[in-house]
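I have placed the structure first, in the form of structure tokens, so that the comments after it can refer back to it.
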Amino acid sequence: MLQSKLIGDTKKEWPSEASIKSHGLLIKGGYIKQMATGIYTLMPLAKKVITKIENIIREEMNALGAQEILMPLVATKKLWDMSGRYDTIGSELLKFEDRNNTKMVLSMTHEEATVFTAMNEATSYQKYPFCVYQIQTKFRDEARPRAGLIRVREFTMKDAYSFHTSDESLNEEYDKFYHAYENIYLRAGIKEVIAVSSDTGMMGGSGAHEFMLLCDAGEDKIVVCKDCGYSANMEVAYTKDIAAATNMEEKLEKIYTPDIKTIENLHDFTKEAITHIGKAVIYERLDTNQTVIAFVRADREVNETKLRNLLKIDDEKLVPKKENENDNISYGFVGPKDLKLENAIIIYDISLKNEKSIIFGANEKDYHFKGLNIKRDIGEVEYLDISKIIDTDACPICSKHSLRISNGIEVGNIFKIQSKYTKAMKMTYLDEKGKAKTPIMGCYGIGVGRLMASVLEAKATDKKVNWPASIAPFDIHICPVDYTKNIEVKKQTDMLYNSLLKNGYDVLLDDRQKSPGVKFADADLIGAPIRIVVSPRNLEENILEVKILGIEDSIKVKNAEKNSEILDFICNTRKGWIF
RNA sequence: CGGGGUGUAGCGCAAUUGGUAGCGCGCGUGGUUUGGGACCAUGAGGUUGCAGGUUCAAGUCCUGUCACUCCGACCA
């Protein structure tokens, strides 16, 4: 197409609100335009990239036998009541009413809709296993959208749902998806994406992986073992055993610590290492109104996801406890010994398991215990894994101290959700013996816009998008110098443009009356993998100058009769590329 | 939900003690240029987020409201 007609102007300045590469480049390059918080229009360039990504996903889904469907964005309260999620999900689920005052929602995911869809279409075991998917809009009323397309409220997602009559069948499908996802990331140009074990969260189920692109802009924390390859989301990462900081037993002693409430102050006051101090992190369960006290060694932090999973409660039901005069809690001086609290849940983290002597609050204002030995002074307690892993911990698989913690962007996930929704919605099929059974499910998601942004995080620089050829908005970008005035340049350019189009390439011709600098800078933001420069200088030598993605120097190709040489050159160049 | 910040031309920003809105980029026109964001001339573009209030006079002061943004919480 002609660049003079392209809607979505490039900006000369870096957008002030953008702190990460993908966000800045997408705005600077005229790819996206914001309409409201977390809601964006995809301009032509972005739409082209997105379409290519969608087609890669579509091909991979079709290849594993999934059937494409399209479910509506709007659903009724009634549907979401069938799973109980209308009430259990917080304000991320956007609720509204239609003209008849019927309660409606904008779907944030489609488990309910899919089960509803499949319910009476698969009443015989002979239909199973089967899998449906869609590439469709989701709306999640995120508390805080950020980072351009990385976290938005309205977005396109590929969501697939498989139905099975046995665990073996589900596991088989799960593996197929695992490999299909690897293919998708490879073809989209970010083969460095890794799969990590993850929390199943509110989706429920028995197993889950997230596909993560490790990069600084990511919102998730990923633990990877450099030796054995163990990898997990920080939320579920664990270690087998935490070595004791001290093995020396000491006698229990109550010490006066006036107004010393924080770990830092206690460390300064006692001159004891942080690892010799224990802390109490206090939460409140909103569902039972119980106080939850987590004891953990002071050098470690509570992993709230692990804690929630342990207590089997929803995210919003566990909150940090606010200090309250009537609590009978000596805030700042809480410890396991002499703790007088009724109806509280007390949890000891494994980081305390091997400690022989540790400082803890004495549950009395201005006093701590020194030399506390939990086994001796409290008795036998159960130690549970509720703390965040740290990079000096031993790998739970190979036991080596080779863990590394990185940021990652979640570019896909796969879950075994088992029968959570089929059961709740009473979906059944008849088995060989005519007996009614509940099918089990897997579900598999990829955020398309986030994937596009992630590719930029992985490949782009602050000035160049460097799209992989498979998803670049154009195959070829022709940048003529002095196109509007130099008759010979225009003639040769038009001839080239037409013959490339005739050969099926998606070509962008920069026909604007702009200086070469502007054209090249814009070309870097558009990122076609092949750029051809036509200029008076080159025509004098009877050549065309070709710049190939990833190759520093440009290549000179003879400007031959009917563009035969350049067509061959392009065809050969593209032969080794992944699409 | 907690804490900060900002709303003035398409974008980035300025406007002194309250005195009737300007600069750069971009855009239109004419011309000179043409290998990494050229130059000259000329022009268009605004209900200063919105609604009240104070004042002879409000972008500026007051009240309310809406939106956007950053940090944190949350994130199936």
Side-chain angles (χ1 to χ4, degrees), chain A residues 4 7-20 23 27-28 30 33-39 80 83-85 88-93 107-112 138 140-148 150-153 155 157 159 198-205 208 210 219-220 233 235 283 304-305 308-309 314-320 322 409-410 413-415 417 420-421 443-445 447 450 463-464 479-486 489-490 510 512-525 531-541 545 547 554:
Chain A
S4 61
I7 294 299
D9 275 334
T10 55
K11 312 265 179 298
K12 213 166 164 180
E13 283 138 8
W14 189 263
S16 56
E17 73 269 27
S19 53
I20 67 166
H23 188 194
I27 291 175
K28 194 168 187 286
K33 192 163 183 170
Q34 189 175 10
M35 209 168 245
T37 305
I39 300 177
W80 281 70
S83 67
R85 285 207 291 187
T88 57
I89 289 185
S91 40
E92 266 184 273
L93 180 64
S107 302
M108 55 199 293
T109 177
H110 279 76
E111 283 76 23
E112 287 86 352
K138 301 276 177 279
R140 298 182 182 181
D141 199 359
E142 291 281 352
R144 190 153 104 77
R146 69 188 97 180
I150 300 289
R151 177 162 296 278
V152 289
R153 296 198 291 171
F155 59 100
M157 183 175 181
D159 45 331
S198 66
D199 181 40
T200 51
M202 272 188 73
M203 298 292 294
E210 286 169 345
E219 303 179 287
D220 291 278
N233 194 307
E235 292 176 340
Y283 296 93
E304 293 181 8
T305 306
R308 287 191 181 99
N309 287 344
D314 288 344
D315 299 311
E316 295 178 9
K317 299 282 164 55
L318 185 75
V319 295
K322 286 193 180 124
I409 302 175
E410 184 187 340
N413 56 42
I414 53 178
F415 287 90
I417 49 176
K420 177 168 173 172
Y421 298 95
C443 85
Y444 320 88
R450 182 184 281 187
K463 294 201 165 147
K464 295 189 186 187
C479 296
V481 175
D482 200 14
Y483 176 80
T484 44
K485 296 272 172 69
N486 187 312
V489 169
K490 184 170 188 330
D510 195 344
R512 302 173 303 168
Q513 186 175 348
K514 295 277 183 191
S515 66
V518 173
K519 292 190 175 192
F520 295 148
D522 283 350
D524 289 339
L525 289 171
R531 183 189 306 174
I532 304 175
V533 179
V534 184
S535 71
R537 197 170 86 183
N538 288 341
L539 291 181
E540 269 176 34
E541 295 176 49
E545 193 178 324
K547 181 90 180 62
S554 50

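Throughout, a chain's letter reflects where its sequence line sits, starting with A, and its residues are numbered from 1. Computed from a predicted model, the values in this text were never measured in an experiment.
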Under 4.0 Å between any heavy atoms, over every strand shown, what does A/Q513 touch: base, sugar-phosphate, or nothing? Just pick one.
base
For A/D220, salt bridge (charged side-chain N to carboxylate O under 4.0 Å, His left out) partners two or more places apart:
none
Residues in side-chain hydrogen bond (donor to acceptor under 3.5 Å, both in side chains) with A/E545, at least two apart?
A/N538, A/S554
Taking the C1' atom of each, how far is B/rC25 from B/rA14, in whole Å?
15 Å
Mapping A/A18 and A/V518 to their closest nucleotides on RNA chain B, which lands nearer the 5' end?
A/V518
Considering only nitrogen or oxygen atoms on both sides, find all protein atoms under 3.5 Å from nucleotides 67-69 of chain B and state each distance.
| unit_1 | atom_1 | unit_2 | atom_2 | d |
| --- | --- | --- | --- | --- |
| B/rC68 | OP1 | A/T37 | N | 2.9 |
| B/rC68 | OP1 | A/T37 | OG1 | 3.0 |
| B/rC68 | OP2 | A/T37 | OG1 | 3.3 |
| B/rC68 | O5' | A/T37 | OG1 | 2.8 |
| B/rU69 | OP1 | A/Q34 | OE1 | 3.2 |
| B/rU69 | OP1 | A/Q34 | NE2 | 2.5 |
| B/rU69 | OP2 | A/T37 | OG1 | 2.8 |

Spacing of A/R146 atom CZ relative to B/rA73 atom P, expressed in whole Å:
8 Å
Test of understanding: with side-chain hydrogen bond (donor to acceptor under 3.5 Å, both in side chains), list the residues that count as partners of A/K514, not counting sequence neighbours.
none
What pairs with A/S4 under side-chain hydrogen bond (donor to acceptor under 3.5 Å, both in side chains), at least two apart in sequence or on another chain?
A/D511
Atom CZ of A/R531 and atom P of B/rG35: how far apart are they, to the nearest Å?
16 Å
Here the distance between atom C1' of B/rG37 and atom CG of A/D510, to the nearest Å, is 13 Å
Intra- and inter-strand pairing of RNA chain B, written as dot-bracket with Watson-Crick and G-U pairs under 3.5 Å and | for the latter, reads (((((((..((((.....[..)))).((((((.....)))))).....(((((..]....))))))))))))....
Please enumerate all residues that pass side-chain hydrogen bond (donor to acceptor under 3.5 Å, both in side chains) together with A/S83, with sequence neighbours excluded.
A/E112
For A/E111, is there an ion pair with A/K420 - N to carboxylate O distance below 4.0 angstrom?
no
Round to the nearest Å and state the distance from A/K464 atom NZ to B/rG37 atom P.
14 Å
Side chain of A/D482 only, heavy atoms from C-beta on: which candidate in B/rG35, B/rC74, B/rU34 is closest?
B/rU34
Options B/rG35, B/rG72, B/rG37, nucleotide nearest the side-chain atoms of A/D522:
B/rG37
By side chain to side chain contact (heavy atoms under 4.5 Å, CB included), A/K464 pairs with (sequence neighbours left out) A/T461, A/N466, A/D524
By side chain to side chain contact (heavy atoms under 4.5 Å, CB included), A/N486 pairs with (sequence neighbours left out) A/D482, A/E488, A/V489, A/P536
Quick check on RNA chain B: between A/W14 and A/H23, whose nearest nucleotide comes earlier from the 5' end?
A/W14
Determine, for A/E304 against A/R308, whether the closest basic-nitrogen to carboxylate-oxygen distance falls under 4.0 angstrom.
yes
Could you give the NZ-to-P distance, from A/K519 to B/rG36, as a whole number of Å?
14 Å
Among the nucleotides B/rU34, B/rC75, B/rA73, whichever has the atom closest to the side chain of A/R151 is B/rC75
Can you sort out the partners of A/Q513 under side chain to side chain contact (heavy atoms under 4.5 Å, CB included), two or more places apart, ordered by chain and number?
A/T484, A/K485
Can you name the side chain to side chain contact (heavy atoms under 4.5 Å, CB included) partners of A/S19, sequence neighbours left out?
none
Separation of B/rC71 P from A/E219 CD (nearest whole Å)
10 Å
Give A/D524 one of three labels, base, sugar-phosphate or nothing, depending on what nucleic acid heavy atoms sit under 4.0 Å from its own.
base
Nearest whole angstrom, please: distance from the C1' of B/rC75 to the CD of A/E142.
5 Å
Please give the distance between the P atoms of B/rU33 and B/rC11 as a whole number of Å.
35 Å
Residues A/E210 and A/N233: side-chain donor-acceptor under 3.5 angstrom:
yes
Gap between atoms CD and P, on A/E92 and B/rA73 respectively (whole Å)
15 Å
Just the atom pairs and distances: protein N or O near nucleotides 22-29 of chain B's N or O, under 3.5 Å.
| unit_1 | atom_1 | unit_2 | atom_2 | d |
| --- | --- | --- | --- | --- |
| B/rC27 | OP1 | A/K514 | NZ | 2.5 |

